[in-house]
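What follows is a set of notes on a single structure, which appears directly below.
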Amino acid sequence: MNKKMVAAVVAAYMLGAGTRALPAQAFDLGSVLKMGGISYLVSRYGKEINTFINKLTLQKGLDTQYTTKVVPILSLGSGSYIGAVQVVGPQAQVNKVKAVGQLEGNFLKVARVKAMIPIDSTSISNINRVEGVGVSAIVDFKI
């Protein structure tokens with residue numbers, strides 16, 4: 001997927017999200033701390049989490065020759081840090097990944113779809129998809 005396609009998907013998502021009525025929300029310090037906390041946890045413990053995931057999967061006979069790394073998940077609708085994932089792929093490509101963008105949508109009112117897109121930035125502006133890299137594990141933090 002090229003830059004124009006990613007930009008079109010993000011724009012369509014943002015336009016679609018703005019067409020429905022949203023409830024008023026008060027400032028929530030807890031959610032701000034969670035977002036900042038996730039960023040901190042990934043930057044501080046990413047290597048340890050990555051090592052744990054690799055040990056977990058190698059014990060199950062799922063050895064790989066690819067490189068892995070843990071990066072934050074960004075909501076491409078808001079730019080918020082909402083979690084973390086392990087990405088996998090060729091080392092040169094994995095080194096380019098700074099985050100994974102997540103888009104959500106409903107499919108025919110019967111399924112919710114979450115698309116995970118490895119990107120080269122931790123910001124939702126000026127992003128580029130990193131080709132040849134996939135998501136191999138999702139990290140759920142208890143905050």
Side-chain angles (χ1 to χ4, degrees), residues 1-60 62 64 66-143:
M1 187 182 305
N2 62 26
K3 290 182 197 179
K4 289 180 184 178
M5 184 64 152
V6 171
V9 169
V10 170
Y13 173 79
M14 290 171 60
L15 287 172
T19 60
R20 59 191 158 115
L22 296 175
Q25 293 181 340
F27 177 75
D28 182 4
L29 180 59
S31 65
V32 171
L33 291 174
K34 287 179 185 178
M35 286 184 265
I38 289 170
S39 174
Y40 172 76
L41 288 172
V42 171
S43 65
R44 172 65 178 89
Y45 297 106
K47 289 182 182 180
E48 290 87 350
I49 296 167
N50 189 56
T51 299
F52 172 79
I53 294 168
N54 288 339
K55 286 181 181 178
L56 179 68
T57 58
L58 289 175
Q59 291 173 356
K60 305 295 182 201
L62 301 174
T64 179
Y66 290 117
T67 300
T68 59
K69 169 167 105 171
V70 172
V71 296
I73 300 172
L74 292 176
S75 168
L76 289 181
S78 67
S80 303
Y81 288 87
I82 59 173
V85 296
Q86 181 188 58
V87 293
V88 61
Q91 184 169 2
Q93 294 303 94
V94 168
N95 289 344
K96 295 177 186 177
V97 178
K98 302 294 183 235
V100 167
Q102 178 178 294
L103 291 170
E104 292 187 43
N106 291 317
F107 178 73
L108 301 176
K109 298 182 182 181
V110 297
R112 186 175 72 188
V113 177
K114 292 182 181 183
M116 304 282 199
I117 306 164
I119 56 176
D120 66 355
S121 175
T122 55
S123 165
I124 60 171
S125 61
N126 196 22
I127 61 172
N128 297 296
R129 181 184 194 123
V130 179
E131 298 290 339
V133 177
V135 173
S136 54
I138 298 173
V139 180
D140 291 325
F141 290 107
K142 291 183 182 180
I143 297 179

Task: With sequence neighbours excluded, residues passing side-chain contact (heavy atoms from CB on, under 4.5 Å) with Val113 - done: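 Val113 satisfies side-chain contact (heavy atoms from CB on, under 4.5 Å) with Phe107 only.
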
- [ ] Just jot down the side-chain contact (heavy atoms from CB on, under 4.5 Å) partners of Phe52, sequence neighbours excluded, or say none.
- [x]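 Here the qualifying residues are Leu56.
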
What side-chain donor-acceptor pairs closer than 3.5 Å can you find for residues 90-99, not counting sequence neighbours?
unit_1	atom_1	unit_2	atom_2	d
Gln93	OE1	Lys96	NZ	2.9
Gln93	NE2	Glu131	O	2.8
Asn95	ND2	Gln91	O	3.3

Open item on the list: Against Val133, only a single residue in Val88, Val71, Val87 fulfils side-chain contact (heavy atoms from CB on, under 4.5 Å); can you say which?
Closed with: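 Only one of Val88, Val71, Val87 forms a side-chain contact (heavy atoms from CB on, under 4.5 Å) with Val133, namely Val87.
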
Open item on the list: For a 4.5 angstrom cut-off between non-hydrogen side-chain atoms, does Leu74 reach Ile127?
Closed with: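 Result no, sub-4.5 Å side-chain heavy-atom pair not found.
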
Open item on the list: Less than 4.5 Å apart, side chain to side chain, heavy atoms only: is that true for Ile49 and Leu41?
Closed with: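 Not touching, per the 4.5 Å side-chain cut-off.
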
What are the two closest non-hydrogen atoms of [X] and [Y], and how far apart are they?
X      : Y      : value
Asn50  : Lys69  : OD1-N, 3.4 Å
Val100 : Pro118 : CG2-CA, 4.1 Å
Val70  : Val42  : O-CG1, 4.0 Å

TODO: Any pair with a residue in residues 107-121 that passes side-chain hydrogen bond (donor to acceptor under 3.5 Å, both in side chains), sequence neighbours left out, goes on the list, sorted by first then second residue, please.
DONE: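 Qualifying pairs, neighbours excluded: Asp120-Asn128.
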
Task: Distance in Å, Thr68 OG1 paired with Gln86 CD, rounded so as to fall on 0.5 Å steps - done: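 Between Thr68 OG1 and Gln86 CD, I get 4.0 Å after rounding to 0.5 Å.
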
